[in-house]
Participant: 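The structure that follows is given in the form of structure tokens.
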Amino acid sequence: MTQTITPLIAGNWKMNGLRQSLLEVEKLAAKLTAGEPPRCTVALCPPATLINAMNRIAAPAGIVLGGQDCSAEASGAHTGDLSAPMLADAGAQMVIVGHSERRADHGETDEMVRQKAIAALTSGLTPIICVGETRAQREAGEADAVVSRQLAASVPDQAAEHDVVIAYEPVWAIGTGLTPTSADIAQMHKSLRDQLISRFGGRGEGMRLLYGGSLKPGNAKEILAIANVNGGLVGGASLLADDFTAIIWAV
Ligand code: PEP
């Protein structure tokens with residue numbers, strides 16, 4: 001059985017954006033509502049400080065908002081952390097977990113990422129669970145093994161009943177302008193799909209598999225057309241409405 005998957009284009013603003021940046025979201029909303037509706041779900045994951053204000057502009061244009069991380073705990077003595085219920089309360093419907101920058105900067109392990117994904121699901125948020133190999137791991141021929149291990153250990157069993165999104169983001173492609181070949185992306189996404197199907201059956205067929213890492217207007221059409229690529233996680237190019245819209249229209 002082949003399922004129809006609605007692609008997702010999600011922008012990750014990382015630690016960028018002040019209230020002034022909402023002008024860019026107004027521009028994006030105007031572009032998306034001017035013509036035919038996009039053929040994908042469009043999401044933005046701004047810094048948490050902007051979620052509430054951005055939602056007022058984004059929601060009427062059908063743009064879904066997400067957080068960039070959440071705690072595995074719902075509340076408590078965890079100064080500086082944000083919980084999944086807080087993100088949901090602010091208007092988020094999704095949350096990125098296990099981004100390679102959090103794995104590197106905050107020592108997040110697969111088990112921590114899995115717990116965060118469970119917290120997201122418990123609060124009704126769709127987790128975007130990130131996996132991806134480093135340059136050294138790819139050069140050592142370990143990319144498949146590393147990514148398979150991350151997938152197995154970061155995706156919770158609860159994914160069998162809920163919406164979860166997996167983002168394959170080779171660490172060496174993030175913010176570098178480098179991308180894997182289309183053949184390499186196709187091979188990795190096929191391997192991810194096979195693993196999801198063998199673990200989750202029919203549900204694994206329908207889970208969205210995003211590609212992330214230097215996805216730009218110039219390469220979006222080719223990358224988004226690859227089998228088992230059901231959208232993209234976009235960093236730098238999501239900050240400008242013109243670039244982000246060009247990627248959305250490439251679907
Ligand atoms: C990211 O950080 O998730 C990302 C894909 O970044 P960029 O598009 O800038 O490579």
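Just follow the structure's listing: the first ligand is 1, and inside any ligand the first atom is 1.
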Participant: Indicate, as side chain, backbone, both or neither, the part of I174 found under 4.0 angstrom from ligand 1 when only non-hydrogen atoms are considered.
Facilitator: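 Both backbone and side chain.
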
Participant: Report yes if T176 has an N/O atom closer than 3.5 Å to an N/O atom of ligand 1; otherwise report no.
Facilitator: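 No, since none of the N or O atoms of T176 sits under 3.5 Å from an N or O of ligand 1.
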
Participant: With distance as the sole criterion, is a donor-acceptor pair present between the side chains of Q137 and T134 under 3.5 Å?
Facilitator: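 Yes, a side-chain donor-acceptor pair sits under 3.5 Å.
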
Participant: Does ligand 1 come near enough to A237 that some N or O of the ligand is less than 3.5 Å from an N or O of the residue?
Facilitator: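 Min N/O separation from ligand 1 is not below 3.5 Å for A237.
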
Participant: Students should be able to answer this: which protein heavy-atom is nearest to atom 1 (C) of ligand 1, and at what distance?
Facilitator: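 The protein heavy atom lying closest is H99 NE2, 3.3 Å.
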
Participant: Got a salt bridge between D194 and K190, using NZ or NE/NH1/NH2 to carboxylate O under 4.0 Å?
Facilitator: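 Yes, D194 and K190 are salt-bridged.
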
Participant: Going by distance only, is there an N or O of G213 that falls short of 3.5 Å from an N or O of ligand 1?
Facilitator: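 No, there is no polar N/O contact under 3.5 Å.
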
Participant: Nearest protein heavy atom to atom 4 (C) of ligand 1, by residue and atom, and its distance?
Facilitator: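 Ranked first by proximity to atom 4 (C) of ligand 1 is G235 N, 3.5 Å.
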
Participant: Show every donor-acceptor pair shorter than 3.5 Å between a side-chain atom in residues 234-246 and any protein atom, with sequence neighbours excluded, or say none if there are none.
Facilitator:
{"from": "S238", "atom 1": "OG", "to": "V234", "atom 2": "O", "distance (Å)": "3.2"}
{"from": "S238", "atom 1": "OG", "to": "G235", "atom 2": "O", "distance (Å)": "2.7"}
{"from": "D242", "atom 1": "OD1", "to": "K31", "atom 2": "NZ", "distance (Å)": "3.1"}
{"from": "T245", "atom 1": "OG1", "to": "A241", "atom 2": "O", "distance (Å)": "2.3"}

Participant: For ligand 1, which atoms have a heavy atom of S214 less than 4.0 angstrom away?
Facilitator: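 Once the distances to S214 are compared, the set is 7 (P), 8 (O), 10 (O).
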
Participant: Check side-chain hydrogen bond (donor to acceptor under 3.5 Å, both in side chains) between K216 and all other residues, then give those that pass, not counting sequence neighbours.
Facilitator: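 K216 satisfies side-chain hydrogen bond (donor to acceptor under 3.5 Å, both in side chains) with no other residue.
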
Participant: Counting from 1, what ligand 1 atoms have a heavy atom of A173 closer than 4.0 Å?
Facilitator: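 Near A173, meaning under 4.0 Å from one of its heavy atoms, ligand 1 has 10 (O).
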
Participant: Report the nearest protein non-hydrogen atom to atom 9 (O) of ligand 1: residue, atom name, distance rounded to 0.1 Å.
Facilitator: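 Scanning the protein heavy atoms, the shortest distance from atom 9 (O) of ligand 1 goes to G236 N, 2.9 Å.
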
Participant: I need the S100 OG to W172 CH2 distance, nearest 0.5 Å.
Facilitator: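 Those atoms lie 12.5 Å apart.
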
Participant: Can you tell me how far the CG atom of L209 sits from the CG atom of L192, to the nearest 0.5 Å?
Facilitator: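 With rounding to 0.5 Å, CG (L209) is 5.5 Å from CG (L192).
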
Participant: Between D110 and R149, is there a side-chain N and carboxylate O pair less than 4.0 Å apart?
Facilitator: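 Answer for the salt bridge query: no.
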
Participant: Do any N/O atoms on V234 end up under 3.5 angstrom from N/O atoms on ligand 1?
Facilitator: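 No, since none of the N or O atoms of V234 sits under 3.5 Å from an N or O of ligand 1.
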
Participant: Please check whether K216 reaches ligand 1 - meaning an N/O of the residue sits under 3.5 Å from an N/O of the ligand, judged on distance alone.
Facilitator: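 K216 vs ligand 1: no N/O contact under 3.5 Å.
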
Participant: Of the protein's non-hydrogen atoms, which lies at the shortest distance from atom 2 (O) of ligand 1, and what is that distance?
Facilitator: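 Going atom by atom, the protein heavy atom closest to atom 2 (O) of ligand 1 ends up being K14 NZ, 2.5 Å.
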
Participant: For ligand 1, which atoms, with element, lie under 4.0 Å from some heavy atom of G175?
Facilitator: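 Reading through ligand 1 atom by atom, the close ones are 7 (P), 9 (O), 10 (O).
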
Participant: Return the closest protein heavy atom for atom 5 (C) of ligand 1 as residue, atom name and distance.
Facilitator: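 Answer, as residue, atom name and distance: E169 OE2, 3.0 Å.
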
Participant: Going by the side chain to side chain donor-acceptor pair (under 3.5 Å) test, name the single residue among Q150, H189, E133 that passes it with Y168.
Facilitator: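 It is E133, the one option of Q150, H189, E133 that forms the side chain to side chain donor-acceptor pair (under 3.5 Å) with Y168.
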
Participant: Can you tell me which residue among Q115, R102, R103 is in a side chain to side chain donor-acceptor pair (under 3.5 Å) with E108?
Facilitator: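 Per the side chain to side chain donor-acceptor pair (under 3.5 Å) rule, the option paired with E108 is R102, out of Q115, R102, R103.
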
